[in-house]
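Worksheet: the structure to be examined is printed underneath.
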Amino acid sequence: MESKLQIYNSLTRKKEIFEPLNPPHVGMYVCGPTVYGDAHLGHARPAITFDVVFRYLQHLGYKVRYVRNITDVGHLENDADEGEDKITKKARVEQLEPMEIVKYFTDRYHENMDQLNVLHPSIEPTASGHIIEQIEMVKSIMEHGYAYEKDGSVYFDVDKYNKEYHYGKLSGRKLEDLYQYTRELSGQKEKRNSFDFALWKKADPKHIMHWPSPWSEGFPGWHLECSVMSSKYLGEKFDIHGGGMDLLFPHHECEIAQSNAATGHDPAKYWMHNNLITVNGQKMGKSLKNFITLNEFFSGEHESLNRAYSPMTIRFFILQAHYRSTLDFSNDALTAAEKGMNKLLDTYHVIDEIKPSDHSSVDVKRYEKLCREAMDDDFNTPIVLAHLFDLSKTVNQVNDGKETLTAEDLKFVKDLLSTYLFDLLGIREEEDKATDTALLDGLVETILKIRQEAKKNKDYVTADYIRDELNKLNIIVKDTPDGAKWELGK
RNA sequence: GGUACCGUGGCCGAGUGGCUAGGCGGAGGUCUGCAAAACCUUAUACAGCGGUUCGAAUCCGCUCGGUACCUCCA
């Protein structure tokens with residue numbers, strides 16, 4: 001089937017028809033986390049955004065290789081001890097091996113991703129596992145004349161590169177402007193220009209993580225790992241490179257420069273960037289210390305949280321905004337997302353209780369096209385959800401006897417909800433709701449029969465007592481024309 | 001200073017020239033012993049000023065306000 005998928009390409013700043021380089025194969029690389037702390041809400045956004053991209057591309061029939069890295073070396077701390085990277089610093093503080101820290105937070109990250117129902121990437125390479133390849137790439141860039149060594153460190157020669165290529169093509173920055181502004185900052189003497197960036201850095205004695213190289217005992221520059229691992233697993237030229245908008249400059253700009261310097265061409269055809277999550281209009285981030293970790297959301301243990309929010313509520317909340325828009329966090333917004341999501345999940349189950357008619361009074365088939373068009377339009381998940389809410393309204397109207405649907409159409413609606421809500425948007429029902437055991441079922445039914453007797457005798461005191469007590473046990477009773485129904489509450 | 005971008009009703013959030021976005025919340029109603037759910041109806045909008053146009057939230061200009069990034073800071 002001909003794809004009409006359009007993707008907003010940060011490189012061209014417009015939506016483009018998605019045409020893979022080698023169909024039906026698609027290569028996608030996304031910058032993963034630096035594992036030196038628990039993942040916060042800001043980390044959930046790229047993970048979920050590109051999870052949906054991954055799911056939808058597969059849905060369209062593409063064979064996707066999705067690579068998401070784990071950064072476990074290299075990111076230097078600027079504000080604290082100079083020359084120490086984040087992993088190392090944490091290790092020294094806690095007297096642990098760096099790889100112990102890495103393992104701990106990598107496991108925690110994976111746990112969070114599973115909770116958010118984020119599919120595992122095809123390959124999850126680590127920077128520390130690709131030191132040799134990184135050294136090779138530095139050599140290649142040097143051989144092409146775009147890097148120079150100084151006192152055991154190797155720097156990328158941006159000025160020289162920019163004479164042959166265009167440094168700033170992704171971020172829209174001009175080298176002259178960078179030069180004017182950055183020259184006043186405390187530049188390092190080793191560099192020819194302040195905007196040159198490190199490819200290899202000589203380790204000073206207190207730096208624990210270091211590897212031998214032709215230039216020094218040291219460690220790779222932080223832009224290098226992504227260039228190396230993407231080309232190793234996806235080839236020198238692949239389809240999609242994704243990441244957070246805050247990585248656009250300098251990180252992704254430098255990746256483009258490194259690839260061009262080593263191979264003569266850009267690494268990725270489409271660059272996708274998810275926007276940031278804000279708190280009171282400000283970026284949620286480590287540096288601002290205004291972040292809330294995912295575990296804190298799940299437990300509710302944070303001063304900014306009124307209560308706990310389930311992983312699926314977080315996921316739904318993120319999907320209710322387009323990935324290229326900023327998304328403002330608040331308790332009200334999360335609660336609204338939770339209620340909306342439960343409404344859709346209820347609809348999914350209501351379908352089973354509807355008696356089919358011979359004739360459908362409404363056209364539900366059109367929703368498939370509408371949902372598909374929304375996804376094709378740069379993964380517009382809020383529009384998909386709006387259509388699903390419309391569909392939900394229709395189902396409820398049928399349930400109320402105001403409209404009718406045939407058995408075939410009812411199945412169609414159920415399948416459509418299943419496909420979009422569960423398979424593509426990755427929402428799943430909370431486990432405690434899914435595990436209604438037969439025992440619980442029987443007990444509650446029995447108690448409700450007693451309550452029904454009480455109601456028949458107009459003994460409302462007993463009836464309400466039963467309902468209130470069940471409520472306290474998180475069992476919500478609803479009286480309907482067909483008798484009392486119940487469900488486990490939030 | 002530079003670069004990218006944003007400003008939509010109580011809250012969140014779609015929408016790039018004319019057609020109800022949607023969710024949450026509010027108001028009224030149907031149903032109901034009461035409640036909940038569901039359904040129906042409904043209010044509240046496009047930062048300001050000017051321009052283009054038959055017609056602008058949507059294009060252009062200016063003003064005001066806000067955000068992110070600016071090289072080792074994810």
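The chains referred to below are lettered A, B, ... by the order of the sequence lines, with proteins before strands, and numbering in each begins at 1.
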Self-check item: Rounded distance in Å between the P positions of B/G9 and B/G22
Solution: 16 Å
Quiz item: Are any of the side-chain nitrogens in A/E373 or A/K369 under 4.0 Å away from the carboxylate oxygens of its partner?
Solution: yes
Quiz item: Using the C1' atom in both, what is the distance from B/C64 to B/G48, to the nearest Å?
Solution: 7 Å
Practice problem: Could you check which nucleotide pairs with B/A21 in any of the strands shown, counting Watson-Crick or G-U wobble with both distances under 3.5 Å? | Solution: none
Quiz item: Side chain of A/A463: nearest nucleotide among B/G33, B/C69, B/C39?
Solution: B/G33
Quiz item: Using atom C1' of each nucleotide, how far apart are B/C54 and B/C6 to the nearest Å?
Solution: 31 Å
Exercise. Ignoring the backbone of A/D464, work out which of B/C40, B/C34, B/G13 is nearest its side chain.
Key: B/C34
Quiz item: Can we call the ring centroids of A/F422 and A/Y348 under 6.0 Å apart?
Solution: yes
Quiz item: A/R13 side chain: which of B/A4, B/A38, B/C12 is closest?
Solution: B/A4
Exercise. State whether a side-chain donor-acceptor pair under 3.5 Å links A/N260 with A/Y161.
Key: yes
Quiz item: Roughly how far apart, to the nearest Å, are B/A38 and B/C24 at atom P?
Solution: 8 Å
Quiz item: Given B/C39, is OP1 or OP2 found less than 4.0 Å from the side-chain N or O atoms of A/N396?
Solution: yes
Quiz item: Ring centroid separation for A/F197 and A/Y155, is it under 6.0 angstrom?
Solution: no
Practice problem: Both distances under 3.5 Å, Watson-Crick or G-U wobble: report the partner of B/C31, or none. | Solution: none
Quiz item: A/Y323 OH to B/C6 P: how many Å, rounded?
Solution: 14 Å
Quiz item: Taking atom C1' of B/G23 as reference, at what distance in whole Å does atom CG of A/L388 sit?
Solution: 12 Å
Quiz item: Hey, is the side chain of A/D328 pairing donor to acceptor with the base of B/G13 inside 3.5 Å?
Solution: no
Practice problem: Quick one: label A/G172 by what it contacts on the DNA or RNA (base, sugar-phosphate, nothing), any heavy atom closer than 4.0 Å. | Solution: sugar-phosphate
Quiz item: Side chains of A/Y148 and A/D196: do they bring a donor and an acceptor to under 3.5 Å?
Solution: yes
Quiz item: Considering only the C1' atoms, how many Å lie between B/G23 and B/G66, rounded to the nearest integer?
Solution: 25 Å
Quiz prompt | Interatomic distance at P, B/A37 relative to B/G26, whole Å | solution = 10 Å
Quiz prompt | More than 12 heavy atoms of other groups within 6.0 Å of A/E403 CD | solution = yes
Self-check item: Separation of the C1' atoms in B/U52 and B/U58, to the nearest angstrom
Solution: 14 Å
Quiz item: Quick one: the side chain of A/Y155 and the base of B/U71, do they pair up donor-acceptor inside 3.5 Å?
Solution: no
Exercise. Measure the distance between the ring centre of A/F389 and the centre of the six-membered base ring of B/G23, then answer whether it is under 5.5 Å with planes under 30°.
Key: no
Self-check item: Integer angstrom distance from the P of B/C59 to that of B/G15
Solution: 13 Å
Quiz item: Below 3.5 Å, does any donor atom in the side chain of A/R467 face an acceptor in the base of B/C34, or the other way round?
Solution: yes
